[in-house]
Amino acid sequence: MPTGVRCAIVPATPLPHESPSRMADRLKIATWNVNSIRSRMDHVGRFVDENAPDVLCLQETRCPDGIFPSSPLRKLGYEHIVLNAKSGHHGVAILSKRPLADVVIERTAGIDEPRHIAATVTFAGAPLWLHNLYVPAGGDEPDAAINPRFAAKIAFLDALTAWSAVVGRAGRGVLVGDLNVAPLPDDVWSHKQLLSVVSHTPGETERLEAVRSAGGWVDAVRKVRPVPEKVFTWWSYRAKDWKAANRGRRLDHLWVTADLGGSLAAVEVRPETRDWERPSDHVPVVATLTA
DNA sequence: ATGGTTGTGTGACAA
């Protein structure tokens with residue numbers, strides 16, 4: 001039978017008795033702290049070649065809006081780009097092969113830094129919220145009384161908890177980003193040695209768990225790679241041999257709302273990017289949703 | 001062993 005005849009009898013739009021959410025679909029979402037988009041354009045190209053995500057959420061783009069490399073990224077297939085960047089510091093972006101809508105430039109915890117952007121993308125015929133976050137690192141001293149950067153991190157996490165209780169419970173959402181907290185003992189190379197190191201202190205790990213539980217989010221990476229397996233997404237630049245030392249932390253996360261837990265078809269961390277020439281210190285996390 | 005490295009409209013500072 002000629003293809004044209006077959007197309008003529010199979011409508012592209014859902015039949016009246018089908019609800020949009022029942023449409024078959026597959027959406028691959030990646031998150032990556034690239035530590036400067038301009039310094040990492042070749043890596044982004046290689047990552048896209050090898051992984052072909054439909055949506056790529058970036059953190060730490062470190063690029064003023066006016067010189068953001070939108071044109072080469074569009075040529076990679078990401079025609080839809082939304083930014084919260086502004087200056088050479090911080091910065092988040094969502095790149096998508098599918099149209100983005102409902103863009104929200106968030107100003108979480110009243111911090112005047114570009115660290116949060118949200119938008120919707122169509123998945124299985126209905127809007128899916130994408131929340132791309134870059135939580136403040138917090139400086140070196142884990143004491144809010146003497147370190148304003150740590151105080152700002154704590155305030156940011158507390159603000160996210162209240163936000164999460166609304167956004168997470170609404171459903172059809174994916175929260176990704178560099179959350180700068182390794183929440184579980186097996187998310188760091190040494191739980192005991194990192195208990196007083198910013199990113200793994202009880203004050204941070206308990207707060208990140210509060211953010212997650214308030215919204216009922218599913219930690220996608222731990223759904224497929226449960227504890228006690230060690231899983232890391234970040235290795236310091238300061239190690240002589242990052243792979244041999246393997247003193248990593250899981251700072252980068254991909255969460256889905258509870259209603260989408262059953263839609264997770266694949267979840268992967270891509271540590272090979274850490275071995276590429278002049279890498280980011282963070283590696284991508286990728287998840288595929290199917291419906 | 002309190003170091004070590006990377007990046008930013010170039011220079012102290014964040015990560």
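Lettering of chains follows the sequences in order, A, B, ..., and the numbering in each one begins at 1.
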Q: Using the rule side-chain hydrogen bond (donor to acceptor under 3.5 Å, both in side chains), only one of A:Glu106, A:Arg115, A:His116, A:Gln59 pairs with A:Asn132; which is it?
A: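 Single side-chain hydrogen bond (donor to acceptor under 3.5 Å, both in side chains) partner of A:Asn132 among A:Glu106, A:Arg115, A:His116, A:Gln59: A:Gln59.
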Q: Please report, rounded to the nearest Å, how far the P atom of B:dA15 is from the CG atom of A:Asn33.
A: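 Going from A:Asn33 (CG) to B:dA15 (P), I get 11 Å.
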Q: Taking atom C1' in both B:dA14 and B:dG4, compute the distance separating them and give it to the nearest angstrom.
A: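 It works out to 16 Å between them.
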Q: How close or far is atom P of B:dG7 from atom CD of A:Glu277, stated in whole angstroms?
A: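 Checked: the CD to P distance equals 11 Å.
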Q: Rounded to whole Å, please give me the gap between NE2 in A:His90 and P in B:dT6.
A: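 My rounded result for the distance is 21 Å.
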Q: Can you tell me if CG on A:Asp42 sees more than 12 non-hydrogen neighbours from other groups inside 6.0 Å?
A: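 More than 12 within 6.0 Å, yes.
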Q: For A:Tyr237 and B:dG7, what is the distance between atoms OH and C1' respectively, to the nearest whole Å?
A: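 Going from OH in A:Tyr237 over to C1' in B:dG7 covers 8 Å.
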Q: Tell me whether the side-chain N/O atoms of A:Ser39 come closer than 4.0 Å to OP1 or OP2 in B:dT6.
A: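 Negative; the distance criterion is not met.
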Q: Scan side-chain atoms only and decide if A:Thr290 and A:Arg26 contain a donor-acceptor pair under the 3.5 Å cut-off.
A: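 The answer is no; no qualifying pair exists.
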Q: Check the distance between B:dG3's P and A:Asp241's CG and give it to me in whole angstrom.
A: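 Nearest whole value for this atom pair: 22 Å.
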Q: Verify the contact: side-chain N or O of A:Arg149 to OP1 or OP2 of B:dA14, cut-off strictly under 4.0 Å; return yes or no.
A: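 Looking at the OP1 and OP2 atoms of B:dA14, one of them is under 4.0 Å from a side-chain N or O of A:Arg149.
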Q: Whether the side chain of A:Arg62 and the base of B:dA14 hold a donor-acceptor pair under 3.5 Å is what I'd like checked.
A: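 A donor-acceptor contact between them is absent.
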Q: Under 4.0 Å between a side-chain N/O of A:Arg115 and OP1 or OP2 of B:dA15, yes or no?
A: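 Yes.
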Q: May I have the distance from A:Glu141 (atom CD) to B:dA15 (atom C1'), rounded to whole angstrom?
A: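 After rounding, the reported distance stands at 16 Å.
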Q: Looking only at atom C1', what distance separates B:dG11 and B:dG7, rounded to whole Å?
A: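 Pairwise C1' distance, B:dG11 against B:dG7, rounds to 12 Å.
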Q: Side chains of A:Ser164 and A:Trp217: do they bring a donor and an acceptor to under 3.5 Å?
A: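 Yes, because at least one side-chain N or O of A:Ser164 sits under 3.5 Å from a partner of the opposite role on A:Trp217.
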Q: Side chain of A:Arg40 only, please: which of B:dT8, B:dT5, B:dT6 is the nearest?
A: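 In terms of side-chain proximity for A:Arg40, the closest of B:dT8, B:dT5, B:dT6 is B:dT6.
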Q: So does A:Ser36 get a side-chain nitrogen or oxygen closer than 4.0 Å to the phosphate oxygens (OP1/OP2) of B:dT8?
A: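 Looking at the OP1 and OP2 atoms of B:dT8, one of them is under 4.0 Å from a side-chain N or O of A:Ser36.
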Q: Let me know, please, whether A:Arg247 or A:Asp178 comes out on the 5' side of the other along DNA chain B by nearest nucleotide.
A: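 Mapping each residue to its closest nucleotide by heavy atoms, the 5'-most match is A:Arg247.
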Q: Walk me through whether A:Phe232 and A:Trp189 qualify under ring pair (Phe, Tyr, Trp, His ring centres under 6.0 Å).
A: CA-CA 8 Å; A:Phe232 306 144; A:Trp189 64 276; 8.8 Å; no
Q: I want to verify a distance call: between B:dA15, B:dT8, B:dT6, whose nearest atom is closest to the A:Ala137 side chain?
A: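 Per side-chain heavy atoms of A:Ala137, the pick is B:dA15.
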Q: Report the distance from atom NZ of A:Lys240 to atom P of B:dT5, rounded to the nearest whole Å.
A: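 These atoms are roughly 9 Å apart.
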Q: Nearest whole angstrom, please: distance from the P of B:dG7 to the CZ of A:Arg238.
A: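 Those two atoms, CZ and P, are 13 Å apart.
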